Amino acid sequence: MDLQSGDSGIGSPDSQKVPKSAEGKSKKPVENHLNGTPNNVSHKHSGHKHHHKSSSGDKHKDPNRHKHDKHGGDKPREHSSSAEKIKDPNRSSGEKHSSSKHKEHSSKPKDPNKPSKDHSSKPKDGHHSADKHKHGSEGKHKSSGDKHKERHKDGSAKHSSDKHRPDKVRKEGGSSSSKPKSSGEVKVKTEPGVSEKGSSPTKLVIKKEKDGSQPAVKKEPQDSDDDVPLAMRAQGEKRAHESDSDDEPLAARAEKKKIKKEKPSAEAVARKRKAESDDDDDKPIAKPKPKKKKGKEEKATPEKGKKKAKKEEPEVWKWWEEGPREEGVKWKFLEHKGPVFAPAYEPLPDSVEFLYDGKPMKLSEETEEVAGFFGRMLDHDYVTKDAFRKNFFHDWRKVMTPEERKVITNLDKCDFRQMDVYYKQKSEERKAMTKEQKQEIKKQNEATVEEYGFCNIDGHKQRIGNFKIEPPGLFRGRGDHPKMGMHKKRVRPEDVIINCSKDSVYPKAPPGHKWKEVRHDNSVTWLASWSENIQGSIKYVMLNATSRLKGEKDWMKYETARKLHKCVDRIRAQYREEWKSKEMRIRQRAVALYFIDKLALRAGNEKDSDEAADTVGCCSLRVEHINLHREHEGKEFVVEFDFLGKDSIRYHNFVAVEKKVFKNLQLFKENKSDGDDLFDRLNTTILNKHLQDMMEGLTAKVFRTYNASNTLQQQLQLLTNSEDSVAAKILSYNRANRAVAILCNHQRSVPKTFEKSMSNLQAKIDKKKEDIKKSRKEYKGLKADYKHKRDAKTAGMLERKKKQMERLEEQLMKLEVQATDKEENKEIALGTSKLNYLDPRISVAWCKKWEVPVEKIYNKTQRDKFAWALDMADETFEF
DNA sequence: CGTCAAACTTAGGAAATATACG
DNA sequence: CGTATATTTCCTAAGTTTGACG
């Protein structure tokens with residue numbers, strides 16, 4: 001099949017403004033590649049019919065679901081347009097080839113995918129409709145069934161059963177909070193036409209210039225198979241591992257078979273093991289260093305050299321040069337000091353009173369503590385939400401003494417204002433501390449980190465990610481969370497399970513306490529765990545991102561994505577073929593996979609509405625989350641997505657799809673109503689199982705990683721101009737990064753000070769322009785002067801003036817670039833994709849190729865996390 | 001299969017720091 | 001230098017994926 005290009009477009013997401021209240025943020029995502037193909041097809045049909053989800057039934061969730069209101073939180077974000085700017089990032093061209101696709105397999109054509117997209121964005125005006133459904137609003141639907149269960153339970157544990165699915169009903173809306181979110185935004189749809197769009201396939205286009213047009217991306221280089229990671233190769237030299245064939249990247253090796261452990265590693269391990277006991281000196285551990293972070297710069301030579309010279313830092317252990325670990329065994333030796341507990345509660349001074357019904361009332365210590373949690377967030381928005389208040393009050397009463405419980409029966413009669421004032425004052429005091437005091441505290445903290453922040457794992461001293469146990473407080477979930485306001489209890493040593501080597505020095509529980517258990521499970525990476533009382537889930541103390549355990553996994557993640565790169569054409573061809581399948585489950589699976597691939601949607605596990613906010617992902621989309629428009633803004637077969645995804649971030653996007661997909665969606669929606677699952681014959685387990693069959697290690701999220709990294713690589717190629725200054729190149733990088741963030745729908749609320757800081761910047765620009773004007777004038781004057789005098793002194797001045805002018809111009813340009821970047825980034829968060837989806841080797845290679853200092857792209861923490869990539873990638877790296 | 005739990009990754013906002021500003 | 005602003009780090013909620021169980 002070929003697909004041809006199609007177009008697809010992404011619509012821009014809407015973005016448009018939503019009335020704030022309503023929805024949360026929304027932004028506009030983009031789509032990725034692929035395009036559609038024209039074909040028409042009719043598909044057959046088959047089965048359609050009703051679906052019932054059967055099984056579990058649940059599926060029918062309650063209709064009422066909607067309700068979400070966006071996040072309950074406070075702020076909804078919304079955004080608008082922005083997106084527009086970018087048009088389609090992704091996939092750009094590359095695609096064109098559509099035809100190629102077919103083939104199965106992959107050759108690696110680099111571009112696999114993507115096709116066109118483009119989309120234009122929309123409208124300026126925007127506003128599209130969205131509204132429709134609004135999530136927020138209640139409305140809609142029926143409620144039906146409902147059952148609601150009461151949730152209560154205290155949090156403890158989840159209960160079970162009952163909830164089950166059938167009808168769960170989402171709570172009814174009524175209640176509280178819900179306030180209606182403003183009703184949805186109703187936005188009107190915009191009209192078509194609008195704007196731009198580009199048309200071109202792909203490209204992102206960021207507003208202005210660029211755009212390109214070309215298809216771009218070419219990447220031809222493909223490697224042919226060889227894919228040996230370059231990195232590896234390079235490294236290879238130094239390392240000895242020759243033994244194994246090294247061609248394969250470690251990752252690859254590990255991945256596939258487990259491989260034998262090679263000798264090197266074995267011995268290494270052995271070495272470490274013993275080393276540990278005496279401290280590692282052997283390995284590099286970073287010893288404490290005086291300065292602590294900053295100073296170091298590490299790098300260090302690989303060998304352990306003893307560089308005791310000190311000052312420099314120890315070295316950084318290049319774990320990526322070691323042989324693979326035994327599969328399933330996460331460590332051979334693990335020793336640590338245990339987690340740090342939250343500081344004990346400090347009772348309020350007697351001068352701070354709690355008033356009940358206007359009268360002072362002395363509370364017992366625990367009651368006071370919990371009251372304080374509420375009291376210190378008095379000015380926060382959520383204390384006005386019914387669900388929050390209700391959950392809080394319910395849990396608060398549970399910690400009260402019988403007497404208190406008898407008296408305190410109405411939250412509205414409680415006056416926590418003095419507590420609020422007291423805590424605010426304390427925080428002010430903290431801020432006002434002298435430098436010395438702050439230094440002292442800082443020192444204390446560093447000492448704590450030094451003692452508890454590291455562990456010895458297989459002879460290496462590695463940083464722990466979260467060694468502090470979460471302090472008690474009020475649970476604040478994201479979005480319209482049914483449990484917001486519940487009391488998150490204090491974790492005691494008796495709740496904590498310690499995981500460490502049997503032959504290590506066990507951590508000591510705080511005086512007078514004991515651990516819940518000390519176990520020695522080396523098949524997991526956590527050092528300590530406890531179960532929290534809100535959702536009943538387990539929380540873990542794990543290593544920091546710079547550790548080998550985390551780094552190696554991260555590296556493998558990208559290797560898996562690269563592997564997908566090689567066979568994505570085959571997979572795409574297959575799912576397109578399956579759109580015509582006679583079996584409904586196959587068609588649903590194929591359409592869902594198309595969404596995951598093209599739009600980078602998350603898998604979408606089912607979730608219990610009593611336990612969490614109503615958010616969805618691909619497999620859990622419901623009928624009301626999609627609207628079909630046979631024609632929208634000049635495009636045919638447009639699917640409008642409008643739902644709340646992870647963290648209750650709104651995903652609103654108009655996407656032109658191929659006719660077959662459109663027809664299938666109509667089929668899937670037939671005879672269903674809001675609240676019913678769109679893909680009633682599919683769930684993430686089924687999907688992942690299928691993916692696993694197509695490629696080892698393939699799961700739904702690999703598509704996000706793959707499409708994100710691939711988009712970055714393509715966009716960098718498309719947007720980088722060799723003649724640009726470093727600043728301009730960085731802008732290009734940020735735009736490429738932005739295209740990915742839009743694809744993945746990574747939003748952020750507009751910083752509170754955004755407007756102000758934008759106008760400050762503009763003022764600076766204006767001033768700079770003024771300076772330039774002045775400088776130019778002076779230059780001209782000097783020049784005239786020089787014509788007369790022709791003396792050396794004037795010549796010198798002239799020269800200097802000229803230099804000054806140039807300097808100013810350059811500064812101006814930099815400022816303007818900065819302004820552009822800032823504006824385009826207003827409501828888009830680049831950090832998430834940079835940290836979790838973009839293969840760092842792509843960025844490193846780009847930096848090397850264009851001579852952009854990597855520090856401009858990655859800060860210290862990021863460089864530490866991606867040390868493996870910095871070390872192994874050269875400018876020829878190709879994802 | 002469907003469920004449940006475990007283990008780990010991904011995510012945005014808040015708090016803490018660093019840096020720029022005046 | 002003190003303050004305003006920008007950037008980084010912290011924090012922990014919310015996802016994904018897998019395996020055990022019945």
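Proteins get letters first, then strands, A, B, ... in listed order; numbering begins at 1 in each. For clarity, every value in this text was computed on a predicted model and none was experimentally measured.
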Below 4.0 angstrom from OP1 or OP2 of [N], is there any side-chain N or O of [X]?
X	N	answer
Lys822(A)	dA6(C)	yes
Lys752(A)	dG13(B)	no
Asn760(A)	dT5(C)	yes
Lys330(A)	dC8(B)	yes
Lys860(A)	dT9(C)	no

Worksheet item: When you check the side-chain N and O atoms of Lys822(A) and Ser757(A), is any donor under 3.5 Å from an acceptor?
Response: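 Yes, side-chain donor-acceptor contact under 3.5 Å.
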Of the options [options], whose atoms approach the side-chain atoms of [X] most closely?
X	options	result
Asn859(A)	dA7(B), dA11(B), dT9(C)	dT9(C)
Tyr540(A)	dG13(B), dG12(B), dA6(B)	dA6(B)
Trp526(A)	dC8(B), dA14(B), dA6(B)	dC8(B)

Fill in: Asp647(A)/Arg478(A) ion pair, N-O < 4.0 Å
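Arg478(A) and Asp647(A): salt-bridged.
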Discussion item. Using a strict threshold of under 4.0 Å (side-chain N to carboxylate O), is an ion pair present between Glu770(A) and Lys767(A)?
Written reply: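 No salt bridge links Lys767(A) with Glu770(A).
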Between atom [atom1] in [X] and atom [atom2] in [N], what is the gap in whole Å?
X	N	atom1	atom2	result
Asp680(A)	dG2(B)	CG	P	12 Å
Glu428(A)	dA16(B)	CD	P	12 Å
Lys438(A)	dA16(B)	NZ	C1'	10 Å
Phe754(A)	dA4(C)	CZ	C1'	17 Å
Tyr382(A)	dG13(B)	OH	P	13 Å
Lys856(A)	dA6(C)	NZ	P	17 Å
Gln692(A)	dT18(C)	CD	P	6 Å
Ile441(A)	dA15(B)	CD1	P	17 Å

Worksheet item: Quick one: bend of the helix from dC1(B)-dG22(C) to dG22(B)-dC1(C) from 5 pairs per end, to 10°?
Response: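 That helix has its two terminal axes inclined by roughly 10°.
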Test of ring centre spacing under 6.0 Å for [X] and [Y]:
X	Y	answer
Phe641(A)	Phe595(A)	yes
His481(A)	Phe388(A)	no
Phe643(A)	Tyr651(A)	yes

Worksheet item: Heavy-atom distance under 4.5 Å between the side chains of Lys385(A) and Asp480(A), does that happen here?
Response: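 Not touching, per the 4.5 Å side-chain cut-off.
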Discussion item. Using side-chain heavy atoms (C-beta onward) and a distance below 4.5 Å, is Ile571(A) in contact with Leu593(A)?
Written reply: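 Yes. Closest side-chain heavy atoms under 4.5 Å.
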Discussion item. Need one value for Lys764(A): base, sugar-phosphate or nothing, where a base atom within 4.0 Å counts as base even if backbone is also close, heavy atoms only.
Written reply: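 Sugar-phosphate: the residue Lys764(A), judged by heavy atoms under 4.0 Å, touches backbone atoms but no base.
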Worksheet item: So what does Arg430(A) hit on the nucleic acid, given a heavy-atom distance under 4.0 Å: a base, only sugar-phosphate, or nothing?
Response: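 The residue Arg430(A) makes no contact with any strand.
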Worksheet item: Given that Lys442(A) and Ser523(A) both sit by DNA chain B, which one's nearest nucleotide is further toward the 5' end?
Response: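 Of the two residues, Ser523(A) wins.
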Worksheet entry | Asn683(A) or Arg704(A), whichever maps to the more 5' nucleotide of DNA chain B |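 Going by which nucleotide is closer to the 5' end, it is Asn683(A).
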Worksheet entry | Lys607(A) NZ to Asn605(A) CG distance, which is reported to the nearest 0.5 Å |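 If we round to the nearest 0.5 Å, Lys607(A):NZ and Asn605(A):CG are 9.5 Å apart.
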Worksheet entry | Residue mapping more 5' on DNA chain C - nearest nucleotide basis, Thr753(A) or Thr861(A) |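 Residue closer to the 5' terminus by nearest nucleotide: Thr753(A).
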Worksheet entry | For Lys865(A), all residues meeting side chain to side chain contact (heavy atoms under 4.5 Å, CB included), sequence neighbours excluded |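 Checked Lys865(A) against side chain to side chain contact (heavy atoms under 4.5 Å, CB included); matches are Ala545(A), Asp554(A), Leu835(A), Asn836(A).
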Worksheet item: Knowing that exactly one of Arg430(A), Lys426(A), Lys424(A), Lys431(A) qualifies, which makes a salt bridge (charged side-chain N to carboxylate O under 4.0 Å, His left out) with Glu428(A)?
Response: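 Among Arg430(A), Lys426(A), Lys424(A), Lys431(A), the one meeting salt bridge (charged side-chain N to carboxylate O under 4.0 Å, His left out) with Glu428(A) is Lys431(A).
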Response to the item:
Under a 4.0 Å heavy-atom criterion, the protein footprint on nucleotides 11-17 of chain C, written with B, S and -, is -SBBSBB
